Structure formats: C-alpha cells, structure tokens
Amino acid sequence: MHTLLPAIKSSVWGPSLSPAELALVVAETSVKVVPAGAYVCHKGAPVEAWIGVIEGLVKMTSLSSEGKSVTFTGVPAGGWFGEGSLLKYPEPRLYDMVAVRESRVAYMPRATFNRLLDTNISFNRFLLKQLNERLGQFISVIEFDRLLEPDARVARALAQLFNPLLYPGTAALLQLSQEEIGLLSGVSRQRANQALQVLEKAGLLKVEYGGVRVLDVEGLKHFG
DNA sequence: TCATTAAATTGTT
DNA sequence: AACAATTTAATGA
C-alpha cells in the first residue's frame, strides 16, 4: 500500500533498515482501514503481528467481567505496539485494541518481526527503549488511576500521547474531540470539557474546534 | 465562489 | 443525560 512506505521511513526504527530490508518489510506488511469503534486486535487472540498506527488513534482497553471497559492508554499515528505480546508468543494477547476514530493500521507478520529481531541491531535497540519506556508509562498509570483528580488525569493522558520515543512526530495540534479525550482519560465528556478549560486557563494548552493545541508538554506531565 | 443544509463538536444546564 | 450554540463539511446553484 502506498501509505505504508513513508510511514515506516518516518518511524524511529525505519531508517535503520537497508533498502532491501525495507522493501521486504513493506511487501510483507499489510495495511487495513479500521472504522471508528472497531477492533484492531482482540484480547485472547493469538498474536500474529506487530501493529503500527499509520493514521488515526487507537486505544488499549480491557473488559472487566461485568463488561465495563477500562482504557489504559492511547496510541496515536506513528506508534507501534504489541512487541511485548510477540515476545511472549504463543501466549494470547492480554488486551483489546480499539480504534477511537477511523484509523489506518499496519500489521507486520510475526515472521517479519522476528527476522528484524534476529538481523538488525538497531531494531533491537529501538525495542529495548520502547519496552523500557512503556514500563515507566504503566507504572505511572497506576497512580494516574488512583490518586489523580480528573483535571490531572486529562493532563497526563494528553501528555502521554506526546512521548517522543513511543510516538515520534505527534503534532502539537492533537485532533481529538473532547469525547475522545474523555475516553482516553477515563472521565466523562463533560468533565473532560471542564478539565480542558482549567488547563487552558493554566496556559498549558489551547482548546480548538475538534482538538487541542498543546503548548506545554512538561507542564501537562507534572500537572497536579 | 457563494449560500444552504446536514453533521459533528462544544459549552452549559 | 439533554439541550442549544457553534463549527465544519457537503451540496448545488
């Protein structure tokens, strides 16, 4: 597909591939358009691919036994995920990934992923960094959920999308509706709206139609 | 290009 | 959760 090549080239790990490797990876990786609300991959399913978000936004969720969904984190365009699940193959996937809005998603087959792992040191270094970064992210998610008030939760959810290592090149203008922000932050849309206004008054971001412009990532990260 | 309409998003109760 | 106001996108003259 035409959109895949530039996406990989602009990723963190893409430039370390030789031209031949790059061509092979592109040929082996499939791209799918996932409608809003549809599953990118299912919890419990066998892990057959490493998954990249070319365009759009995907959230990581899990369903409780009562059917309530809990959102862990969002993955914006440019993010790749599922390496942890791949490394633990053949264990099934532990969470669902759902498109928050219509998204273009790349599926790199396990065989391709493993070949890169076996042959490309830069790719390994990238994965180590990403795993480490995610570890830190999930530790902070715990306090995020238990300690923080809604304003701070929204602030951190937005700041997380800016992690330069996990999600390079995320634009300053996040095209997220306030409803989507609420979903990612674990608060209602109304509360997200309220929080955004607080954060705007604090000078950390600017509320725009259909999105927010982030002015101070560090400020968001440490809010509250 | 402009005006009208529908759809999406936001702000407020 | 429901409502009204605002913005954007789509349509056709």
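Per chain, numbering begins at 1; letters A, B, ... match sequence-line order. Computed from a prediction, not measured in an experiment: that's the story for all the values here. Any value given below was found using the heavy atoms of this structure, including those in side chains, with hydrogens, waters and symmetry copies removed.
Put simply, A:Asn193 has no side-chain N or O that comes within less than 4.0 Å of OP1 or OP2 on B:dT10.
Using the six-membered ring where Trp is involved, A:Phe126 and A:Phe123 have ring planes that are tilted, between 30° and 60° apart.
In this structure, CG of A:Leu205 is placed 15 Å from C1' of B:dT10, rounded to the nearest angstrom. The CZ atom of A:Arg191 sits 16 Å away from the C1' atom of B:dT13 (whole-angstrom rounding). Rounded to whole Å, the distance from CG on A:Leu199 to C1' on B:dG11 is 16 Å. Atom CD in A:Gln190 sits roughly 10 Å away from atom C1' in B:dT13 (whole-Å rounding).
For the residue pair A:Asn163 / A:Gln137, no side-chain donor-acceptor distance below 3.5 Å is found, with atom types taken as modelled. For the residue pair A:Gln160/A:Thr73, the side-chain donor-acceptor check at 3.5 Å is satisfied.
A salt bridge does not link A:Asp96 with A:Lys59: every distance from a Lys NZ or Arg NE/NH1/NH2 to an Asp or Glu carboxylate oxygen is 4.0 Å or more. Under 4.0 Å is where a charged nitrogen must lie from a carboxylate oxygen, and between A:Lys206 and A:Glu200 no such pair does. A salt bridge is defined here as a Lys NZ or Arg NE, NH1 or NH2 lying under 4.0 Å from an Asp or Glu carboxylate O, and A:Arg213 with A:Glu208 meets this definition.
Remark: A:Lys129 NZ to A:Arg134 CZ distance equals 15.0 Å, nearest 0.5 Å.
Screening A:Tyr107, A:Trp13, A:Tyr89, A:Phe81 against A:Trp50 for a ring pair (Phe, Tyr, Trp, His ring centres under 6.0 Å) leaves a single residue, A:Trp13.
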Nucleotide by nucleotide, nucleotides 4-9 of chain B touches protein heavy atoms under 4.0 Å in the pattern (B base, S sugar-phosphate only, - none) ----BS
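Fit an axis to the five pairs at each end of the helix from B:dT1-C:dA13 to B:dT13-C:dA1 and the two axes sit 10° apart, to the nearest 10 degrees.
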